[in-house]
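Owing to the predicted nature of the structure, the values given are computational and were not obtained by experimental measurement.
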Amino acid sequence: MINTLDTGLEREIERRSGEKPRLCFQCGKCSTGCLFNFAMDILPHQVMKLAQYGQKERLLASHTIWICASCETCTARCPNDIDVARVMDTLRAMALEEGVKPAERNIPLFHRCFLGNIQATGRISEPVLMGAYKSLSGDLLSDIGLAVEMLKKGKIKLIPSVVRGNREVRRIFKETKS
C-alpha cells in the first residue's frame, strides 16, 4: 500500500518531459482508449498515479513502459492535455539510463535497431532493420515466410536508400546523446 507522496519522480518527469503527472485526476480515458491495455501490467492512468507517489522502481521495471506503442491515443484523450505518451517515453529513457533490466527483452532491442537504422541511413530499411533485430534476438527464422512474400510482391527493397541530409541526421543523433 502506498501512503505517502514522493514528488521526486514527478519533478524528474516534469523536468525531462515538460509533462505534469500531478494534473491527472484519474478519469481513466487514457487507459480505456489504449490499444494495448490488455497486455499492460499497469494501465496508463495508474502510471500517472504511481508517478505522483514516486514509485520509480515499480514503473521502470514494468512491462507497460515497453508495451506502450507511443501511438498517442492516450494523449489525445486526456482532458488535462497531459502527453501521456511522452511520460511513457521519459520512463523508458530513465530505465535505459539507469540500467534497469527491461521487463520486455525484445522491445528495447528493436528500439535500438530502429534508431541505429535511422542513424545509419536517415530512414528505415525493413530488410536492414529486421536483419539486425532478428540476428540480435536470436529469432532468425520466425518471419522468413512473410519476408519472402513481401519481396515477391515488391513491398520491400533489398538495397537501402540513404536520405540526402544523412549528415544532419547523424549530427542530431550526436547532439542528443550528450
Side-chain angles (χ1 to χ4, degrees), residues 1-119 124 129-130 132-140 142-143 172-178:
M1 181 159 202
I2 303 167
N3 291 326
T4 59
L5 286 175
D6 176 0
T7 58
L9 175 60
E10 192 177 8
R11 284 195 311 269
E12 186 173 353
I13 290 171
E14 183 176 345
R15 181 184 61 77
R16 295 171 68 127
S17 70
E19 299 303 317
K20 299 175 181 172
R22 69 178 167 276
L23 296 179
C24 175
F25 54 72
Q26 299 292 294
C27 70
K29 288 185 78 162
C30 54
S31 297
T32 57
C34 178
L35 301 174
F36 299 100
N37 64 12
F38 65 91
M40 293 178 167
D41 55 345
I42 303 169
L43 294 174
H45 77 281
Q46 295 170 324
V47 168
M48 293 297 140
K49 192 62 159 180
L50 291 172
Q52 292 171 3
Y53 281 102
Q55 297 293 301
K56 185 176 184 178
E57 292 80 20
R58 187 169 171 193
L59 288 171
L60 298 188
S62 73
H63 292 264
T64 295
I65 63 172
W66 297 106
I67 289 173
C68 170
S70 299
C71 69
E72 299 188 0
T73 301
C74 52
T75 299
R77 293 174 57 97
C78 180
N80 286 335
D81 294 326
I82 301 171
D83 190 339
V84 180
R86 182 173 284 178
V87 172
M88 295 286 195
D89 193 43
T90 300
L91 292 168
R92 280 191 294 269
M94 290 170 63
L96 290 174
E97 289 169 13
E98 296 185 19
V100 176
K101 185 178 178 185
E104 297 287 330
R105 177 183 170 266
N106 288 338
I107 295 173
L109 175 61
F110 184 84
H111 180 75
R112 284 194 305 274
C113 291
F114 183 89
L115 290 178
N117 194 191
I118 291 176
Q119 187 175 7
I124 289 298
L129 171 63
M130 293 315 293
Y133 171 71
K134 291 291 190 176
S135 64
L136 292 173
S137 69
D139 180 23
L140 287 172
S142 66
D143 297 321
I172 291 168
F173 272 90
K174 187 176 179 181
E175 287 180 8
T176 56
K177 282 187 178 179
S178 58

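Distance check, rounded to the nearest 0.5 Å: SG of C27 to CE of M48 gives 11.0 Å. A distance of 15.5 Å separates CG in L60 from NZ in K101, rounded to the nearest 0.5 Å. The distance from atom CZ of R22 to atom CG of N80, rounded to the nearest 0.5 Å, is 12.0 Å. A distance of 9.0 Å separates CZ in F110 from CG in N117, rounded to the nearest 0.5 Å. To the nearest 0.5 Å, atoms OG1 (T75) and CG (D83) are separated by 4.0 Å. Expressed to the nearest 0.5 Å, how far CZ of R15 lies from CD of E10 amounts to 14.0 Å.
Side-chain contact between R16 and M94 is present, with heavy atoms from C-beta onward closer than 4.5 Å. Looking at I124 and I118, their side chains come closer than 4.5 Å, going by heavy atoms from C-beta outward. Taking 4.5 Å as the limit, some side-chain heavy atom of R58 sits within range of a side-chain heavy atom of L50. A heavy-atom distance below 4.5 Å is found between the side chains of T176 and I172. Using a 4.5 Å cut-off on side-chain heavy atoms (C-beta onward), T32 and N37 make no contact. Between H45 and K29 there is no side-chain heavy-atom pair separated by less than 4.5 Å. You'll find the side chain of M88 stays beyond 4.5 Å of the side chain of S70, heavy atoms only. By the 4.5 Å heavy-atom criterion applied to side chains, H111 and C113 are not counted as neighbours.
Distance alone, capped at 3.5 Å, places no donor-acceptor pair between the E98 side chain and the A95 backbone. Counting only distance, with no hydrogens or angles, the side chain of Q55 and the backbone of K49 share no donor-acceptor pair below 3.5 Å.
Pairing each heavy atom of P21 with each of I13, the nearest pair is CG-CG2, 3.9 Å. Considering every non-hydrogen atom in both K134 and S137, the closest pair reads O-OG, 3.3 Å. Minimum interatomic distance between I67 and M40 (heavy atoms only, all atoms of both residues): CG2-CG, 4.1 Å. Contact record, V84 with C30: CG2-CB, 4.4 Å, taken as the closest heavy-atom pair. Here the shortest heavy-atom pairing between L115 and F173 reads O-CZ, 3.6 Å. Annotation for C74 and A85: closest pair SG-N, 3.7 Å, computed over non-hydrogen atoms.
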- Task: May I have the step-by-step check of side chain to side chain contact (heavy atoms under 4.5 Å, CB included) for D81 and L23, ending in yes or no?
- Result: CA-CA 9 Å; D81 294 326; L23 296 179; over 6 Å; no
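Annotation: F114, atom CZ; neighbour count of heavy atoms from other residues, nucleotides and ligands within 6.0 Å does not exceed 12.
Ionic pairing of D89 and R86 is not present here: no N-O contact between side-chain nitrogen and carboxylate oxygen is shorter than 4.0 angstrom.
When only modelled atom types and interatomic distance are considered, D41 and T64 share a side-chain donor-acceptor pair under 3.5 Å. Side chains of R77 and S31: no donor on one and acceptor on the other come within 3.5 Å.
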